Every structure is written in structure tokens, then in C-alpha cells.
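Below: the structure, in C-alpha cells.
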Amino acid sequence: MSFGGPYFTLPKFKYLRPDSLEELLSSLHEHSGNAKIMSGGVGLLAFMKERLTAPEYVISISKVPELKTLQIKGGVLAVGANVHLSELESSSIKNSLPTLYRAVKNIADPTIRNMGTLVGDLAEAVPWGDAYPALISMEAEAEISKKSSSRVVPVNGLVLGLGQINVDDDEIISRVLIPLRKVRGTYLKFANGSEYGLATVALTYFTEEKRFNLVIGSASETPVTIRESDVDWDFDKDFGTNVEKLERYLQLNVNPVDDLLASSDFRKNVIRYLSLQAVKEVFLDERDQN
Amino acid sequence: MKEIRINVNGVFRHVMVEDNEILLDTLRTRLGITSVKAACWRGECGLCTVLIDNKPMKSCMLLSVEVDGSEILTAEGLYNNKRARVLMESFVKHGAMQCGFCTPAFVTTAHSALSSNPDADDQEISEKLKGVICRCGTYFQIKEAVKSARAFYKDGSHETF
């Protein structure tokens with residue numbers, strides 16, 4: 001059918017398209033270990049074309065209505081596994097969850113965002129993913145379902161390394177639960193010609209609780225989280241003093257990877273620059289408003 | 001083999017496809033729709049962009065079985081669309097191409113951007129066109145062409161160019 005060879009064709013597999021969550025979970029249970037779940041497909045098909053994975057079954061979740069929901073309930077935004085990134089972009093998250101909005105805007109391009117999903121980006125478990133650092137900074141949780149039960153775990157710690165995720169073969173991340181608190185936040189990314197970042201910074205500041213999570217992604221196998229207590233950030237003190245503390249902390253404690261795309265030193269400088277931009281954006285604006 | 005039912009450019013088609021068949025292959029080889037270009041095969045260049053239920057998507061990253069029941073629109077299908085014709089004329093008028101290989105993808109993407117929001121500002125147009133790459137580098141002319149067709153999408157006025 002095609003020109004042959006990797007990149008152009010997909011390995012052979014059996015395609016399953018369940019119509020309900022129950023059916024999905026039971027076929028996942030039945031083919032456990034031999035099946036991959038496909039939501040948008042942009043990540044999975046790319047891996048399959050390069051023969052990095054060749055599952056016997058591909059289970060599509062595009063016709064599962066339960067996973068298509070995007071709803072706010074009890075102060076939590078629940079994003080279903082099959083909610084496309086473009087749907088998130090056009091929802092009301094722009095003001096209520098600025099970190100997520102900016103992160104979603106940074107994922108690939110608008111055409112891919114019509115196909116890809118937030119949960120898919122998380123489940124792909126690549127160090128340069130945009131969803132994972134943003135979700136950690138917002139202290140989101142993931143609902144993981146399997147045939148007989150479901151569990152809710154913090155998103156932080158879900159990804160163990162490149163392509164490794166703390167979800168069993170017969171389980172699916174059915175929803176991501178993001179708490180809706182009073183927050184200010186931003187997401188900054190430095191990409192060098194490609195859409196994959198060399199370093200990204202997600203910052204969420206919980207205004208009522210006076211604390212923040214600054215998450216550095218793309219620079220090491222798993223993201224690094226920095227809290228206000230780590231840098232001894234004092235909200236009553238001068239902004240300049242706090243920034244100096246943050247800079248010192250980054251200098252001493254953040255050790256980005258050295259690879260073909262960029263050296264560790266270069267990444268370190270990028271992280272420093274992005275972190276300072278992020279705190280300026282989030283904290284200085286607030287001070288001006290007061 | 002599975003049978004899928006799709007509406008391609010206004011025509012209902014029943015197509016027999018393999019489970020692992022890519023939509024780009026189905027369109028080009030089974031249906032002979034050649035405005036959908038095959039270039040990178042990995043979702044980066046955007047030259048295989050088609051409109052699926054009026055949303056631009058990259059057909060090299062879609063399974064044919066997955067689009068069962070959808071409406072697919074390619075540059076061929078836009079030929080009889082009054083607004084898209086104005087957009088195409090605008091591309092010609094502004095010289096928005098060099099080799100022309102990316103033109104169908106840009107036309108379909110721009111058509112969907114302007115149809116969904118005729119009030120799109122310049123920044124939004126640039127943003128929406130980000131998914132397609134032009135290796136000749138005629139981005140400036142492409143954006144100018146899309147901007148000048150904007151008025152026609154809005155109120156049907158043809159005077160802007």
C-alpha cells in the first residue's frame with residue numbers, strides 16, 4: 001500500500017474501538033501488555049512509524065463518551081482523556097488556569113492541537129513534554145482506572161523517565177483533575193528551531209496560600225520542582241533580594257543534561273533566564289496591581 | 001480489511017482499508033486525491049493537512065479507520081466554494097507561492113481559520129498557519145494573501161484586492 005520501510009508505514013496491528021468506558025477497560029484487561037491506547041494518535045503513531053513500539057492491539061478511545069468530558073465540579077476542573085488540546089484552548093481556562101493555558105499554547109502547532117490531547121501528552125512520558133511540568137506546578141491529580149477499580153494519584157511522580165510511566169498495562173489515565181484555586185501563573189519555553197523545548201519553566205503562584213511551585217522541565221529526565229521554602233522566598237521582603245536567592249539556588253542545585261541539542265551550561269543559563277522572566281511576570285505584575 | 005464510510009469533498013465514499021493504513025495513503029492512493037502532499041510523514045511539515053469536520057488535521061498522523069463517519073475536505077473540494085475561490089485568487093494575486101507544493105495545505109488551513117473566525121487579527125492568522133511549512137519561504141506573501149481575503153469571509157466584499 002505504501003512506499004515501504006519505516007517512517008511511511010505502520011507495523012501491523014488489530015484496531016479496536018470500544019463504545020463505552022466499561023468495554024474499553026475490559027478489552028484493556030483482556031489484552032494487557034499487548035495493547036496501546038490511542039487518543040489523538042500523534043504521539044503513538046510517530047513512535048510506531050519509527051518502530052519504537054509495535055503493539056498487537058491499538059485501542060482507540062475516540063468513541064468513548066465518558067472520556068470526552070471537560071467539566072468543573074466541586075472546585076476541580078476534570079479533563080477527560082479524549083479532550084483535545086484545541087478544546088482546552090477555547091475553554092475558560094485562560095483566566096482561571098493561566099499556567100495550563102500557556103502550556104497548551106506551547107504544545108506543537110494549532111493543527112496538531114486539533115488532534116492531540118492533554119492526557120496523551122502526559123502519558124507519552126517524554127522529558128520534553130509540556131503538560132507534565134505544568135500539571136505538577138498546578139498540583140494536579142490523575143484518575144487512573146482499570147477494570148475493577150480506579151485510583152487518584154498526584155501527577156507529580158507519575159512519569160519515571162523517558163517512556164516510563166507509573167501506570168500498569170491494564171490501566172488508563174481516564175481524567176486529569178486540576179484544582180481551581182486563586183492562582184497566578186505562567187509557562188515559558190525556550191525551543192531551538194524545533195517545537196521541543198531545551199528548557200521550560202512552569203510557575204504557579206497560589207495567591208491565598210502565599211506559596212508557589214516553579215517547575216523546570218525538558219532539562220533533565222524528570223522535572224525539577226522548586227518551592228518557596230527551598231529558596232527561602234520571603235513575600236514580605238524586597239523582590240530583588242528574593243530573586244538573588246532564587247538565582248543562587250538555581251546555580252547550586254539545578255544540573256541540566258548535556259546532550260546533542262545543548263550543553264549543560266547553555267541550558268543552565270536558559271533556565272536562569274526563563275525563571276527570572278517567570279517570577280517577574282507573576283510577582284511584579286501583582287505588586288503593581290496592589 | 002474494514003469498510004469506512006466517509007464524505008470526501010461532498011461525495012459519500014465507502015472505502016475498504018487496512019487497520020494500519022494511514023489516511024494520507026488512503027486519500028492519495030485509493031482515492032486519487034493528490035492535492036494532499038506527502039512529505040515528512042511525521043506530522044511536522046503539515047503539507048498533508050486536510051479539513052476533518054472543518055478542523056485542520058495532519059492526515060499522515062491519522063488512521064483511516066479512525067475517521068470513519070467524518071467529513072473530509074481537501075483543496076479539490078474547496079474549488080467550488082465561493083469564499084475559498086476568493087482566497088485562492090488572492091494567493092495568485094499576491095504571488096503567495098514559489099514551487100507551489102505547500103499551497104493546497106496553506107489554502108485549506110487558511111480557509112478553516114477564516115471560516116471559524118472572520119474577525120481574526122493578523123497575529124491570530126499567523127498563529128493558525130503555524131502548522132504548515134513553506135520551504136521556499138513565501139510566508140510574508142501567504143499572510144498578506146490571507147489577510148486581504150479576510151474581508152470577503154466577513155461580509156462578502158471583494159474590493160480589498
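Nothing here was measured: the structure is a model prediction, and the numbers come from that model. All chains are named by letter (A, B, ...) in the order of the sequence lines, taking the proteins before the strands, and each is independently numbered beginning at 1.
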Donor-acceptor pair, side chain of B/Asn20 and main chain of A/Phe13, under 3.5 angstrom: no
A/Gln164, CD: over 12 other non-hydrogen atoms inside 6.0 angstrom: yes
Donor-acceptor contact present, side-chain A/Asn114 to main-chain B/Pro56, <3.5 Å: yes
Minimal non-hydrogen separation, B/Glu66 against A/Met38, with atom names: OE1-CE, 3.5 Å
Spacing of OH belonging to A/Tyr15 relative to CD belonging to B/Glu18, to within rounding of 0.5 Å: 14.5 Å
Criterion salt bridge (Lys or Arg N to Asp or Glu O under 4.0 Å) on A/Arg113 and B/Glu127, from CA distance to verdict: CA-CA 12 Å; A/Arg113 291 204 290 270; B/Glu127 164 75 23; 2.9 Å; yes
Side-chain donor or acceptor of B/Lys58 paired with backbone N/O of A/Ile112 under 3.5 Å: no
Presence of salt bridge, A/Arg17 and B/Asp68, under 4.0 angstrom: yes
Minimal non-hydrogen separation, B/Gly131 against A/Pro110, with atom names: N-CD, 4.3 Å
A/Lys94 NZ: over 12 foreign heavy atoms closer than 6.0 Å: no
Spatial distance of atom OG (A/Ser90) from atom CG (B/Asn117) [nearest 0.5 Å]: 12.0 Å
Distance, nearest 0.5 Å, that separates CD1 of B/Ile22 from CG of A/Leu45: 7.0 Å
Structural part of B/Cys60 lying under 4.5 Å from a heavy atom of chain A: both
Neighbour count above 12 (heavy atom, 6.0 Å) for A/His29 NE2: no
Expected output: side-chain A/Asp109 to main-chain B/Lys130 donor-acceptor under 3.5 Å: no
